[in-house]
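Step one of this worksheet: look at the structure below.
All figures in this text were calculated on a predicted structure; none of them were measured in a lab. What's counted below: heavy atoms across the whole structure, side chains too, no hydrogens, waters or symmetry copies. Below, read A as the first sequence line, B as the second, and so on, with proteins coming before strands; counting in each chain starts at 1.
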There are 2 protein chains.
Amino acid sequence: MITMKELAKKLDVSVSTVSKALSDSPEISPSTIKKIKEIAKLYNYKPNQAALNLKNSETKTIGVIIPDILNPFFAKVLHGIEEEASNLGYNIITSLSNETQQKEEQSIELLSNGSVDGFILSVAEETQLTKNSDHFKACLSNNLPLVMFDRVAEDISCDKIIIDDYKAAYEATEFLISKQRKHILLISTIDNLSVGKMRVKGYLDAIKNHSQKNHILTIDKKEAHHKILEYLISNTNIDGILAIDNSSGVKGINIATALGKKVPKDISVIGFANESIACYSIPKLSTVNQHAEDIGKKSVNLMVERLKNKDSKTDPKTIVVPIKIEERSST
Amino acid sequence: MITMKELAKKLDVSVSTVSKALSDSPEISPSTIKKIKEIAKLYNYKPNQAALNLKNSETKTIGVIIPDILNPFFAKVLHGIEEEASNLGYNIITSLSNETQQKEEQSIELLSNGSVDGFILSVAEETQLTKNSDHFKACLSNNLPLVMFDRVAEDISCDKIIIDDYKAAYEATEFLISKQRKHILLISTIDNLSVGKMRVKGYLDAIKNHSQKNHILTIDKKEAHHKILEYLISNTNIDGILAIDNSSGVKGINIATALGKKVPKDISVIGFANESIACYSIPKLSTVNQHAEDIGKKSVNLMVERLKNKDSKTDPKTIVVPIKIEERSST
DNA sequence: CTGTTAGCGCGTTCAT
DNA sequence: ATGAACGCGCTAACAG
């Protein structure tokens with residue numbers, strides 16, 4: 001990497017002349033500007049990012065902490081974040097918490113040293129259980145802005161992007177009811193998460209308001225197949241499934257089919273997922289589309305806006321992203 | 001963020017004393033070391049990363065360019081990369097090429113300014129078609145090490161991590177043959193990729209050596225369902241499927257089942273995928289496990305090793321990661 | 001044992 | 001129109 005100093009020596013001018021020329025300063029004569037720019041291009045000069053970071057005390061880099069990159073929802077959000085950040089001239093440093101609080105804390109700690117200008121994150125499962133948010137507070141008192149998406153910490157005052165999980169589940173349930181379903185089963189592998197709890201609430205209220213009986217199956221992801229199979233065998237009256245995580249819906253269809261049921265004639269299924277998973281069943285799973293990419297993009301927008309107005313202490317915003325029910329042949 | 005300068009002023013010592021004290025220099029008396037460390041902890045002092053980057057002209061950051069984060073194989077590799085990098089004290093800046101050459105070039109260009117110490121990447125689909133590798137060359141001539149994994153550029157001399165795609169497909173085919181399969185269909189959505197071509201070769205040779213007839217279905221991912229269905233309807237003799245991408249195997253099972261075939265009695269299926277996708281069919285798909293996390297970890301190891309010996313020009317290595325056939329109930 | 005100086009690469013005064 | 005000097009935060013060489 002060639003430096004200004006070296007360019008200056010080659011042309012026998014001063015470093016500051018080079019600096020000014022490269023930024024088209026009116027102080028420098030057009031001819032020398034041309035000369036300097038030519039040699040800069042020739043040697044493929046690029047301003048050293050580390051030096052700029054130090055000088056400007058900003059890095060144009062956002063720290064992103066993702067709980068689980070194998071979850072297609074988070075993968076999509078990351079995609080949205082990366083795209084928008086790239087468009088706005090920001091880089092992202094990605095950390096994966098793997099749902100542990102320890103890694104989440106460590107990531108924040110390690111990057112809170114001038115490596116990033118702020119954090120975009122979704123709270124790790126473990127952190128949602130312990131409800132410990134000291135590391136988030138440390139972040140803010142460190143003057144590093146925070147944007148939380150999807151899974152947020154209630155007691156932290158920062159920008160947030162969420163979907164209306166209650167409403168989403170309520171509407172999805174009503175959607176099944178509108179299909180004349182009388183025994184709708186809710187399947188959840190995420191009952192320990194804030195979003196999971198809200199979805200269950202939405203389901204229960206919809207069920208209640210339509211005077212139906214609720215059926216809830218709470219399971220661990222690893223034993224999903226086994227438990228769903230068992231449940232559907234013992235409860236043959238189930239004619240609708242609302243899967244509030246992203247994988248149980250497809251499994252539900254496949255298991256129901258294996259049991260000889262016709263989907264959607266005998267049983268309707270809808271899940272919180274997206275096309276990339278919905279296509280792994282026949283018929284394709286209907287979904288509550290959470291617009292993951294959008295969530296990512298909006299997170300970056302919030303972050304960049306806040307970085308621009310670092311001094312002016314505007315109030316934290318919470319943006320609720322609308323969901324959309326995408327009907328496919330499973331309902 | 002408090003600086004050394006400020007700490008120094010508080011204790012009325014010089015900045016270099018603070019610096020030395022914090023690194024336990026024997027030049028400083030134990031008592032002042034203690035004093036300085038205490039106040040440093042009190043004010044939560046952290047060395048400014050930008051300053052260190054500038055001083056050491058290294059960032060302890062690796063640029064990672066992933067073609068498609070929704071592909072679980074790449075998601076897993078990223079997981080491995082992140083984990084190993086984190087263990088070794090490195091951060092990663094992640095870019096997504098979305099399979100385009102333009103974004104791949106842009107990412108390299110943007111980060112080749114002291115933002116990262118090197119790149120770990122898998123070549124974008126488009127780049128594999130155009131065979132243009134000027135941006136990779138620029139990288140190397142810029143003295144930024146390159147590690148390519150899975151999809152590599154043949155004409156670039158750098159460290160590489162691959163699986164033996166030829167052998168993997170050959171063995172997977174023989175595995176099906178050992179199950180008495182006589183009409184094995186190869187399904188591919190990645191015939192334009194180097195890895196896809198090698199897998200087809202492996203399949204063809206295995207088929208030939210066992211005097212069977214080959215059946216190849218090359219399709220676009222978007223129309224996979226439709227085309228596979230069509231093919232299986234017109235070719236009822238197919239009794240085995242080798243899916244060389246990560247999604248067609250599950251689809252194959254589901255479609256065969258929908259057509260009334262018993263898996264694996266009537267038809268055996270094996271795919272290049274992993275547990276996270278294999279579980280979306282009944283029975284679960286058997287897979288050629290590519291040890292994605294391992295590939296990620298090894299990539300980081302290669303990179304870090306090369307960064308350590310920047311001066312000594314050791315020859316580029318190509319590491320071949322062994323694959324493993326994981327039989328599940330679909331074969 | 002502690003302090004002064006210099007320099008990493010850059011942009012921004014302030015002089016000339 | 002050009003150059004010299006300074007500082008961002010840190011470490012290392014050199015003085016005392």
Side-chain angles (χ1 to χ4, degrees), chain A residues 1-37 39-40 43-61 89 111-117 142-144 310, chain B residues 1-37 39-40 43-61 110-117 142-144 310:
Chain A
M1 286 226 337
I2 197 165
T3 69
M4 283 190 171
K5 199 179 184 177
E6 298 171 277
L7 288 182
K9 187 177 285 174
K10 285 187 195 296
L11 290 174
D12 204 38
V13 294
S14 81
V15 184
S16 64
T17 303
V18 175
S19 171
K20 289 169 185 168
L22 290 177
S23 52
D24 284 310
S25 162
E27 290 182 28
I28 308 294
S29 78
S31 68
T32 50
I33 287 190
K34 184 154 175 272
K35 218 170 42 183
I36 290 177
K37 283 201 170 179
I39 201 164
Y43 285 94
N44 193 25
Y45 167 80
K46 290 194 202 104
N48 181 299
Q49 193 59 40
L52 291 179
N53 291 168
L54 180 57
K55 184 125 194 67
N56 305 330
S57 46
E58 65 162 12
T59 62
K60 290 281 188 181
T61 301
L111 295 175
S112 295
N113 61 356
S115 291
V116 300
D117 296 342
N142 230 321
N143 204 23
L144 284 172
K310 258 244 151 144
Chain B
M1 288 226 335
I2 197 165
T3 69
M4 283 190 170
K5 199 180 186 178
E6 299 171 276
L7 288 182
K9 187 178 285 174
K10 285 188 195 296
L11 290 175
D12 203 38
V13 294
S14 80
V15 184
S16 66
T17 303
V18 175
S19 171
K20 289 170 186 166
L22 290 176
S23 53
D24 284 310
S25 162
E27 291 181 24
I28 308 295
S29 78
S31 69
T32 49
I33 287 191
K34 185 156 173 270
K35 219 171 39 184
I36 290 177
K37 283 199 169 178
I39 201 165
Y43 286 92
N44 192 24
Y45 167 79
K46 289 194 204 106
N48 181 298
Q49 192 60 41
L52 290 179
N53 291 168
L54 180 57
K55 181 107 188 94
N56 305 329
S57 46
E58 65 162 12
T59 61
K60 290 278 187 184
T61 301
L110 248 48
L111 296 175
S112 295
N113 61 356
S115 292
V116 300
D117 296 343
N142 230 322
N143 205 23
L144 284 172
K310 259 240 147 150

Q: State, to the nearest 10°, the angle formed by the axis through the first five base pairs of the helix from C:dC1-D:dG16 to C:dT16-D:dA1 and the axis through its last five.
A: 60°
Taking side-chain hydrogen bond (donor to acceptor under 3.5 Å, both in side chains) as the test, write out the residues that go with [X], two or more places apart.
| X | value |
| --- | --- |
| B:S29 | B:S31, B:T32 |
| B:K60 | none |
| A:N113 | A:S115, B:Q49 |
| A:E6 | A:T3 |

**Q.** With B:K55 via side-chain contact (heavy atoms from CB on, under 4.5 Å) - residues at least two apart
**A.**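 side-chain contact (heavy atoms from CB on, under 4.5 Å) list for B:K55, sorted by chain: empty.
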Q | side-chain contact (heavy atoms from CB on, under 4.5 Å) involving A:K34 - partner list, sequence neighbours excluded | A |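 For A:K34 the side-chain contact (heavy atoms from CB on, under 4.5 Å) partners, ignoring immediate neighbours, are A:E38.
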Euclidean distance, atom [atom1] of residue [X] to atom [atom2] of [N] [Å, nearest integer]:
| X | N | atom1 | atom2 | result |
| --- | --- | --- | --- | --- |
| A:L7 | C:dG9 | CG | P | 12 Å |
| B:K34 | C:dC1 | NZ | P | 16 Å |
| A:E6 | C:dC10 | CD | C1' | 14 Å |
| A:I36 | D:dA1 | CD1 | P | 13 Å |
| A:L22 | C:dG9 | CG | C1' | 13 Å |

Q: Sort and list the pairs that fulfil side-chain hydrogen bond (donor to acceptor under 3.5 Å, both in side chains) and have at least one residue in residues 12-24 of chain B, not counting sequence neighbours.
A: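 Qualifying pairs: B:S14-B:S16, B:S14-B:T17, B:K20-B:E27, B:D24-B:K37.
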Q: Apply side chain to side chain contact (heavy atoms under 4.5 Å, CB included) to the pair B:Y45 and B:L22, showing each step before the final yes or no.
A: CA-CA 10 Å; B:Y45 167 79; B:L22 290 176; 3.6 Å; yes
Q: Using a cut-off of strictly less than 4.0 Å, decide whether B:T32 has a side-chain nitrogen or oxygen near OP1 or OP2 of C:dC1.
A: no
Q: Compare side-chain N and O positions of B:T17 against OP1 and OP2 of C:dT2 and report whether any pair is under 4.0 Å apart.
A: no
Q.
Is it true that, when you exclude A:K310 itself, more than 12 heavy atoms of the residues, nucleotides or ligands shown sit nearer than 6.0 Å to its NZ?
A. yes
Q.
At 4.0 Å (heavy atoms only), tell me whether A:P26 reaches a base, stays on the sugar-phosphate, or touches nothing.
A. sugar-phosphate
Q: Sugar-phosphate means primed atoms, P, OP1 and OP2; the rest is base. With that split, encode nucleotides 8-14 of chain D 5' to 3' as B, S or - using protein heavy atoms under 4.0 Å.
A: BBBBBBB
